[in-house]
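Just follow the structure's listing: the first ligand is 1, and inside any ligand the first atom is 1.
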Amino acid sequence: MRQWIDKLREERTLRPEEFRQLLTECDGESLRYINKQAQEVSLRHFGNRIFIRGLIEVSNCCRNNCYYCGIRKGNPNLERYRLSTENILNCCKQGYGLGFRTFVLQGGEDPALTEERIEDIVSTIRRSYPDCAITLSLGEKSREAYERFFQAGANRYLLTYDKEHYQQLHPAGMSCEHRLQCLRDLKDIGYQTGTGIMVGSPGQTIEHLIQDILFIEQLRPEMIGIGPFLPHRDTPFAQSPSGTVERTLLLLSIFRLMHPSALIPATTALATLTPDGREQGILAGANVVMPNLSPQEERKKYNLYNNKASLGAESAEGLNILQQQLEKIGYQIS
Ligand code: 5AD
């Protein structure tokens, strides 16, 4: 196993059958080894500094019905909300005061969040915070829409893509080709682009993971988000088991070894799956955390999966807790 891990660090890629072995035969000892290698690569590129991004969940309304997601259109047991522009700006203000210099606006594909509204929100934040980066995570839009948001001042866009078993995660009507086109458009327009996968989602096989790894290798995104699948009680996948910590940490390390300078978060999903998930993610090569800056009353409504963490070190107000946790493992907030 070590030979593949050393080769991956050296050459930044493997042959499909070598990835297959790594994914199927990685025992506890090999996992610790690859995590260590990935942490070293991350330390070499970024030092012991962890970037923080303030996550603002702008709307939990969504026109889509993705099988895994708690804010899917078909979930009637959810109180829907949409933040006003003023509300979003208040989040930014609070975040700026706490030291955040990147705001991530994330939401469902909410038809009421029109291109005009998004453009207006982005340009208002851009005017108020010229020294901040604006990241959008608002799903699939037209190229023209992405261009408008970019012109208005957005810098980055996150769009995860479980390419290989897309059909098993999304109902008919959503197209894997369109999502791919979105990623191409985003890169082409000049966004720093993020993608990623859910680990252990229902139906995901080793072959899917290998193809996803190779796809992301081709795409060369600036950001790569790797989190475990977690079930949500009001979805068709309610009874499906979560992804595992081990598999998530293995993939995180694989992506770090393949993409030494990528921004890779220790995801909220990983921190939800296990109490020290954030730290484990960092020790496996992650270099970003995204504390929640959404208004307190709305946080529990942005319920992508059961028990989603949004308090303590997952919250912007809990930055001191995060700081202490990071110090314990030898890291600091950048
Ligand atoms: N489990 C894990 N991650 C999920 N996401 C949505 N639903 C789930 C789930 N059930 C992820 C999306 C997106 C991020 C905001 O949350 O894939 O990347």
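The backbone N or O of Y129 lies less than 3.5 Å from a partner atom in the side chain of R126, making a donor-acceptor pair.
When all heavy atoms are compared, the tightest approach of R299 to L293 is NH2-C, 4.0 Å.
In terms of polar-atom proximity, defined here as any N/O pair under 3.5 Å, Y68 does make such a contact with ligand 1. Checking only distances, C69 never comes within under 3.5 Å of ligand 1, N or O to N or O. When only interatomic distances are considered, the shortest N/O to N/O separation between Q106 and ligand 1 does not fall below 3.5 Å.
Salt bridge annotation for R278-E314: present, with a cationic side-chain nitrogen under 4.0 angstrom from a carboxylate oxygen. K301 has a carboxylate O that lies under 4.0 Å from a charged side-chain N of E298, or vice versa, which qualifies the two as a salt bridge. In this structure, R9 pairs ionically with E40, as a charged nitrogen and a carboxylate oxygen lie closer than 4.0 Å.
Counting heavy atoms closer than 4.0 Å to ligand 1, residue L304 contributes atoms from both its backbone and its side chain.
Closest to atom 13 (C) of ligand 1 among all protein heavy atoms lies T160 OG1, 3.9 Å. Ranking the protein heavy atoms by distance from atom 10 (N) of ligand 1 puts L230 O, 2.7 Å first.
At least one test fails for R53 against the ring of F103: distance under 6.0 Å to the centre or angle within 45° of the axis.
Residue contacts with ligand 1 include M198, since one of its heavy atoms falls under 4.0 Å from the ligand. Residue-ligand proximity: P228 is placed with a non-hydrogen atom under 4.0 Å from ligand 1.
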